[in-house]
Each structure stands twice: as structure tokens, then as C-alpha cells.
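All values below were derived from every heavy atom in this structure, side-chain atoms included, with hydrogens, water molecules and symmetry-related copies excluded.
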Amino acid sequence: MTELYIVSGFLGAGKTTLIRQMSQRCFSGYRVVVLENDFGKAAVDAEILQQEQIVIADMSEGCICCSLNTDFVRKLRQIREAYEPEVIIVEPSGISKASEVIKGCLKAEEQGAFQFGKVITVVDVRTFRKYRENYGEFFEDQIAYADLVLLSHQEEAGKAITEVSAEIRGINPSGKLITDRWNEILPFELTSVPRNGRTAELMLAVERERKPERVRMQSGHSRRGIKTNIIDHLFGRKQIRAVTLTWEKPLDKKSLERKLKAVFTYCGNDILRAKGIVPAADGKDGILFQCISESLRLERTAAAGNELCFIGVGLDEKEIKKIFGEG
């Protein structure tokens, strides 16, 4: 499984410097590929990053946001086939919307072999107000959907750090903001922050909008020579459907995991995907869970939620509600 990280930030914020530090401090010994999409300086960044033995791929022919449904996901698959990386760091153009890049990563995750990690945005304190005023929607989107916001060029900002930090928290109240110098940040703080509430909600919205499709085998035939389709062949003509549950009672991770495993045991291989947010038992934020390709992940999120969604074949809504409630 290849983990996907997004390192976002407006022009000149310091994304390449952060990626170098992450490769040294967080991913030392890992096979890392950086997918770049910046204009005009990709070759310069590539030379810097290759000193860290990082493989560089680029999409300099166009913005990632304009190619999410085709080129971007295809490029990720090509990178995985060519290099078998353990980590891919997506470095979108400074004028890309983080929310759109997140959707592309979620689409890649849905197709298997990828696991969506964290979104980190770098903000240059010196240019914060100028860029916010001139590029409002694009600039604020990168901050709003970040799991972690880091400041750069603090040594040149002085008292502005406090004021800029307050404005950033206004744009993104549920993400984590670290104002320390980067060499003072512990490595786990870069990769283990809770999921931003807005990003978690976007993940669920993408899941709800996704319509399950009946995938047909090309020139497929059964042993008796009768043309069939893959759903009929594997699942006996049952329909793919989504079952959505609401759950108001707070849970801890162990209890949630136990309930989910009870549902998965009952449904066997019929559940193709599951995702949701439930209230956390300690009263702080929520717990986001995802199940893709039989891999279950649970993590803290700043989002408040009470919805669970299961997508699969021939699912019995009443039974799933009963089992989850009793699990």
C-alpha cells in the first residue's frame, strides 16, 4: 500500500524545503516519490530533492486540478508501477485548490493500492495578507483543508506571527497550526495529526456522491459458455447498494473497531467499502473510520459526525443496524 501525502502552499512558501525535511526526518529509508506540479521551477526543485535520493515525477503540462479525473490518477498508478514507492508526496501548484487535489487522492484510494495520508499546508507569514487579499478563494482553500498548517519565514515576521496565526485559525478552526521553527517540530507531529474536520467531511461527501457501478466482464463467459457479468458471476445477481446508519452514542476506538468487525464478519466479502464518523467517547471531536480493500483505519478527527456508510452487495440494512448496535 502506497501512502499519499499532500504538501500544499502558495508560491514560494517553502514546500520543497519541507519535503526535504520530511524525507530526512519522517521517511528515512522509505522509497519516496514526489509528484510535482509547479510552474517554471520544477527542474530546480528536482535537482534539490534528488540530493535526498527522492524520485521526482512531474505534471508540468497542466494543473493537477484540471486533470483530476484522468491524468492525475493515471499518473499516480504509473508512478506506483514504475517505482513501487512506499510514499508519494503530491506537491501541487501554488495556485491549486487543496480540496480538488484531495478529491483526486480519494479517487486513487478508491481504486485500491493507495492510502490517503495527511494534508500539510505551508504559509509564508510575510506574504499572508497580500496573497489572501489578491487570491482569496485559492489561498484560503489551501489553509481550510489542511490537517496541519506550518508557518515559514517566521524570523522575518516578528509580531505578525500572532496576528497571522489568529487569522489562520479563523479560516481553519479544526486543523492543527504549529508556529515553531521546523527543526523544533518532532517528526511524528508532521504525520500523526488528527484529520481536519472539513477534510473528513469532504471525504464522506465524496463517498456519498459516488454511485456504485455494475462492471461487466469484456467478452466474459461462464464454464457453460453463457455470457455473464462480473457482479452476477461473483455475487449471484445481488445488487450493489449503500446502507447508511446514524449513531449518536460516543465510542472509543476499541468499541468502534469491535462493532465494525462484527458487521464485517456477518457480511463477509459483501462489503466493498465503508466510511464514517462517530462521536468520540472522551467528548473531544470524533473518530473517522475507513475500510478499503479489507484494510480498516481509525483516526481522530476534528469533525463532529454521527454517520456510517457501508457499500456492498446485497446488504441487509436492518441486520447491519442490529449487529452494529449489539456489537
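- Here the CD1 atom belonging to I89 is positioned 10.5 Å from the CG atom belonging to L4, to the nearest 0.5 angstrom.
- Between L298 and K253 the shortest heavy-atom distance is O-NZ, 3.7 Å.
- Judged by the 6.0 Å distance and 45° axis criteria, R126 is not positioned over the aromatic ring of Y131.
- A 4.5 Å side-chain heavy-atom check between F289 and L308 finds at least one atom pair inside the cut-off.
- The line from CD of Q78 to CG of D71 is 9.0 Å long, rounded to the nearest 0.5 Å.
- The shortest side-chain heavy-atom distance between N172 and Y145 does not fall under the 4.5 Å cut-off.
- Side chain of T246 to backbone of E307: no donor-acceptor contact under 3.5 angstrom is found.
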Could you go step by step and tell me if L256 and V278 meet the side-chain contact (heavy atoms from CB on, under 4.5 Å) rule? CA-CA 8 Å; L256 175 58; V278 300; 3.8 Å; yes
Would you sort out whether Y30 and S23 count as a side-chain contact (heavy atoms from CB on, under 4.5 Å), showing the intermediate values? CA-CA 8 Å; Y30 286 72; S23 70; over 6 Å; no
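- A donor-acceptor pair shorter than 3.5 Å cannot be found between the side chains of T301 and D285.
- A salt bridge links E163 with R129; the closest basic N to acidic carboxylate O contact falls under 4.0 Å.
- The closest side-chain heavy-atom distance from I320 to C267 is below 4.5 Å.
- Taking a cutoff of 4.0 Å between a charged side-chain nitrogen and a carboxylate oxygen, D141 and K97 do not qualify as a salt bridge.
- Between K103 and E100 a salt bridge is recorded (basic side-chain N to carboxylate O distance below 4.0 Å).
- Using modelled atom types, one side-chain atom of S174 and one backbone atom of G197 make a donor-acceptor pair closer than 3.5 Å.
- Between E257 and K261 there is a salt bridge, since a side-chain N of the basic residue sits under 4.0 Å from a carboxylate O of the acidic one.
- Under the 3.5 Å distance criterion, the side-chain polar atoms of E3 are left unmatched by any main-chain donor or acceptor of Q115.
- Of all the heavy atoms in N196 and A144, the pair that sits closest is ND2-O, 2.7 Å.
- Looking at heavy atoms from C-beta onward, T265 lies out of side-chain contact with V263 at the 4.5 angstrom threshold.
- S99 OG to I6 CD1: the interatomic distance, rounded to the nearest 0.5 Å, is 9.5 Å.
- By the neighbour-count criterion of 12 heavy atoms within 6.0 Å, atom CD of E84 is sparsely surrounded, having that number or fewer from other residues, nucleotides or ligands.
- With contacts defined as side-chain heavy-atom distances shorter than 4.5 Å, the pair I102/F116 qualifies.
- Listed by first and then second residue, the salt bridge (charged side-chain N to carboxylate O under 4.0 Å, His left out) pairs involving residues 310-326 are R241-E317, E317-K321 (not counting sequence neighbours).
- Under a cut-off of 6.0 angstrom, the local environment of CD in E133 is sparse, with at most 12 non-hydrogen atoms contributed by other residues, nucleotides or ligands.
- Taking every heavy atom of both residues into account, A108 and L76 meet most closely at CB-CD1, 3.7 Å.
- The backbone N or O of E248 sits nowhere less than 3.5 Å from a side-chain atom of N306 that would complete a donor-acceptor pair.
- Using a 4.5 Å heavy-atom threshold, the side chains of V32 and V55 count as separate.
- Pairing each heavy atom of P250 with each of A280, the nearest pair is CB-O, 3.5 Å.
- Of the possible polar contacts, one joining the T2 side chain to the P85 backbone as a donor-acceptor pair under 3.5 Å is found.
- Closest of all the heavy-atom pairs between A200 and I277 is CB-CD1, 3.9 Å.
- Residues R132 and E140 are paired through a salt bridge, judged by an N-O separation under 4.0 Å between the basic side chain and the carboxylate.
- Checked by atom type and distance alone, the side chain of Q154 pairs as donor or acceptor with a backbone atom of L151 at under 3.5 Å.
- Interatomic distance, OG1 of T199 versus CE of M203, reported as 8.0 Å (0.5 Å rounding).
- The residue from L177, T179, L190 that alone fulfils the side-chain contact (heavy atoms from CB on, under 4.5 Å) condition with L150 is L190.
- In this structure, K259 contributes its side chain and G325 its backbone to a donor-acceptor pair below 3.5 Å.
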Would you sort out whether R300 and L288 count as a side-chain contact (heavy atoms from CB on, under 4.5 Å), showing the intermediate values? CA-CA 6 Å; R300 294 302 296 261; L288 170 70; over 6 Å; no
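- Here the side chain of R195 pairs a donor or acceptor atom with the backbone of G117 at under 3.5 angstrom.
- In this structure, M1 and E86 have side chains that are not in contact, with every pair of non-hydrogen atoms separated by 4.5 Å or more.
- Pairs passing the ring-ring contact (aromatic ring centres under 6.0 Å, His included) check and including a residue from residues 147-184, sequence neighbours excluded, do not occur.
- From F264, atom CZ reaches atom CZ of F310 across 5.5 Å, with rounding to the nearest 0.5 Å.
- Of the options R198, K176, K118, a side-chain contact (heavy atoms from CB on, under 4.5 Å) to D147 is made by K118 and by none of the others.
- Rounding to the nearest 0.5 Å places CG of L148 at 10.5 Å from OG of S192.
- Using a 4.5 Å heavy-atom threshold, the side chains of F114 and R80 count as touching.
- For F128 and F139, the ring centers sit closer than 6.0 Å to each other.
- The closest donor-acceptor contact from the side chain of S165 to the backbone of I161 lies under 3.5 Å.
- Among all heavy-atom pairs drawn from A146 and V149, the shortest one is CB-CG2, 3.8 Å.
- F27 and L186 are not part of a single hydrophobic cluster, where members link through side-chain heavy atoms under 4.5 Å apart.
- A salt bridge links R297 with E109; the closest basic N to acidic carboxylate O contact falls under 4.0 Å.
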Kindly indicate, with the supporting measurements, whether the criterion side-chain contact (heavy atoms from CB on, under 4.5 Å) is fulfilled by E91 and L35. CA-CA 6 Å; E91 183 188 353; L35 176 56; over 6 Å; no
